[in-house]
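Here the structure comes first, spelled out in structure tokens, and everything after it is commentary.
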Amino acid sequence: MALTMIVWAHALAALLFGGLALWTIRSQESGLPHRALVAALALTALWALAVAGIGGKAFVTTLVESARNLAWLATMLIIHRRNGNGRPPLALGTVYAVVALVVLASLAARVIAEIAGPQLRSQAEITIILLRLLTALAALVLLNALYAALRPRAGKRLIVLAIGGIWVADIILFGTAYLTDSWRIQPAAMRGAAMLAVAVTMAIGLQRKGEWSVQVSRTVAYQSLSLVAIGVYLLFLALATSAIAAVGGSYARALQTAFVLGSTVAILTLVSNSWLRAWTKVKLAKHLFQHRYDYRTEWMRFTDTIGGSASAPLEERIVKAVADLTSSPGGLLLVPDGPSLGAGASWNWDCDLPTGSGDAALAEYLRTSGRILDLDALRSGTDQSGDGAIVPQWMLDIEEAWVLVPLPHLGHLVGAILLTRPPAAQALDWEDLDLLKVTGRQVASYLAEARAQEALAEAQRFEEFNRRFAFILHDIKNLVSQLTLTARNAERHADKPEFRADMIATLQDSSERMNALLARLSQHHRGRIAAPRTIDIVPLVKQIATRRHAHHPVIVTGEPAAFAFADAASLDQMLSHLVQNAIDASPPHEPVTLAVASTGQEVTIDVIDTGCGMSAAFVRDRLFKPFVSSKSGGFGIGAFETRQLAAAMGASLDVTSREGAGTRFRIGLKTTDFTVPLVEQAA
């Protein structure tokens, strides 16, 4: 099976490389060493065909392979000279020449082995394998230097990576042969599969003219590297156990088991180390990608953290979101405390914060400069910006403190975030500073918006308090007016029994209204209307007329009985407001009329006066607004509260008025059952 795979894999590789050579001849690809690349592709196709046809150990195959290696080395050198960052130094050209000499030395050793006898041939075989292994290793090192020297958009990196696959396949084959002192068929089969992958990768690179527009995500890259590392580890185990089997004798099985267990435990210990994982991630991101941060992934994680579960406060989520960007294990939010900064929310922060001098100067410096402070650089004295004089000593004394990120917003400092040192700490570069600067401004806007919302909510609470107080003050004014009028009339009519009866009724009504006010001011008062129920409207209307009759004529007309769904207390308060307003607007001897009517589906109560009336513009724009009144000294609360009570009870309120002719307020109440939401009273 393995032999069949070797033949077919190398045969297909020969076909692909031959096709690439022909395509390269026709394409005249610019920017690549055209002749050297065509020669390398053609020789690789010829070598793969020789392996498939006569075997990899044949002398002709070795000869073609040496020519292939020299062609690829020449291609690498020319690419390096044309596309590197400047002309490679003389030492690098010397290294290429030395590697080429090693290739020629391995070929010479093979010629000598063919001429010499069988005994010398077996000894030369090990030398040939070692020289070919050294060639592949040295070429891979040179390829790494070439990859690093290429400009990020030079367009040749994918082809360079494909060339690296050739040398990696050679290292696996010759490394296995050198360690086991024999040729293994499995590495040869793997080499054929690797050459197929190299041909496909190189075809993509040439077709894209070296420009590879597909970007592999960091997650896929890390997972792929993890799989490669696992494969290398398994290959290492296979080679090591084979070597132990060759030299271990009767203890080989025990030694192999001990080696596998020991190496596995060692690998798991290294992988579980948080510092090693962080260091590896930093190095891979630094050397494999143009930017160390995957900004799309980081931004999505940042927004998910900020807008995530509300179980954690916003300020704590903000600290965690910024800390996650730099893999910091914790952080502390410093918030304005007068002119200085004080401790706010924290995430995984367990350090004490002693108060010290210099916080006010630090806050002002962060506000004006917006600089991100590298505390490690300040401690070591390598920072030349002079920030050390601004940072308070207590902050430098906290060894875990790593960087201070200001949070500026519209010329103000809304806070600063102090981050702890990540497991694999490194000096901050431009990419770290730019990311932290943008993030700091973003979270500053979140904090500013949250504080604005808190201020708005507090202002709304004060507004609600003022509105309630205005309602109560309005009711108190009405009570005072009623009692004042009663006291004034008592001087002239105290000896009349009818007046004394009306005065007692007025005092009882005032006492009840004042008790109701006290109940509304009580902390246990819930400020909600009762559920509507069927009540007789006419007795309630007559009671209101009786209370007002001592001060102003009030008459009741209409239905002798009318039943509707309403809250008696709310309806009483509504009619009291409207009747009082009608009395205030009417001449002293002109009566106010309360007319009750029923249409079967609705009961209406009209409050009618013949007073000064109101204009249509006033009714439309100002009547139901608080603190707006047509009366001198009026609070403008009665009509506003009446409308809110009517809406809360599900009743209608209509107004008809004409200047100089009077006003009609009509309250409409349902006579059938309906659902009324329990909402808060206006007062």
Side-chain angles (χ1 to χ4, degrees), residues 463 466-482 484-485 513 537 540-541 544-545 547-558 564 566 570-597 599 602-669 681-683:
E463 181 183 358
N466 294 334
R467 186 169 60 87
R468 288 177 177 271
F469 183 77
F471 290 145
I472 294 169
L473 189 61
H474 176 267
D475 290 344
I476 292 175
K477 180 186 75 70
N478 290 339
L479 288 173
V480 170
S481 299
Q482 188 174 355
T484 301
L485 184 60
R513 292 170 65 85
I537 302 299
L540 187 146
V541 171
I544 294 173
R547 290 200 303 262
R548 295 291 192 275
H549 185 73
H551 312 294
H552 193 91
V554 178
I555 59 176
V556 178
T557 63
S570 298
L571 183 58
D572 182 278
Q573 192 169 357
M574 292 168 60
L575 289 173
S576 298
H577 284 319
L578 295 179
V579 170
Q580 184 63 46
N581 288 342
I583 291 174
D584 293 338
S586 300
H589 301 292
E590 291 292 332
V592 172
T593 303
L594 293 175
V596 180
T599 62
E602 186 180 46
V603 172
T604 61
I605 306 172
D606 291 341
V607 180
I608 307 170
D609 68 75
T610 56
C612 59
M614 297 173 290
S615 66
F618 184 88
V619 172
R620 182 183 65 249
D621 300 328
R622 305 184 66 188
L623 174 62
F624 295 109
K625 287 187 176 181
F627 314 115
V628 176
S629 176
S630 61
K631 297 179 295 184
S632 176
F635 288 98
I637 296 297
F640 174 66
E641 186 178 14
T642 299
R643 190 176 194 179
Q644 285 203 330
L645 290 172
M649 195 167 54
S652 62
L653 180 63
D654 299 319
V655 184
T656 303
S657 184
R658 186 167 50 177
E659 289 183 292
T663 302
R664 177 194 297 266
F665 281 89
R666 171 169 290 181
I667 299 175
L669 301 172
Q681 283 192 24

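All heavy atoms count here, side chains included; hydrogens, waters and symmetry mates do not.
- Considering all non-hydrogen atoms of both residues, Leu623 and Ala639 come closest at O-CB, 3.6 Å.
- Closest approach of His552 to Ser586, counting heavy atoms only: NE2-CB, 4.0 Å.
- In this structure, the side chains of Leu669 and Met649 come closer than 4.5 Å at one or more pairs of heavy atoms.
- Interatomic distance, CG of Leu653 versus OG1 of Thr642, reported as 7.0 Å (0.5 Å rounding).
- The structure places CE of Met574 at 10.0 Å from CD of Glu641, a figure rounded to the nearest 0.5 Å.
- The heavy-atom pair separating Phe624 from Val619 by the smallest distance is CD1-O, 4.4 Å.
- Between Asp606 and Thr557 the shortest side-chain heavy-atom distance does not fall below 4.5 Å.
- Remark: Ile605 CD1 to Leu540 CG distance equals 7.5 Å, nearest 0.5 Å.
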Enumerate, atom names and distances included, each donor-acceptor pair closer than 3.5 Å involving a side-chain atom of residues 607-617, sequence neighbours excluded.
| residue | atom | partner | partner atom | Å |
| --- | --- | --- | --- | --- |
| Asp609 | OD1 | Gly611 | N | 2.9 |
| Asp609 | OD1 | Thr663 | N | 3.4 |
| Ser615 | OG | Phe618 | N | 3.1 |

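- Applying the side chain to side chain contact (heavy atoms under 4.5 Å, CB included) criterion to Thr604, with sequence neighbours excluded, gives Ala597, Glu602, Arg666.
- Residues satisfying the side chain to side chain contact (heavy atoms under 4.5 Å, CB included) criterion with Arg547, sequence neighbours excluded, are Asp509, Gln543, Ile544, Asp572, Ser576.
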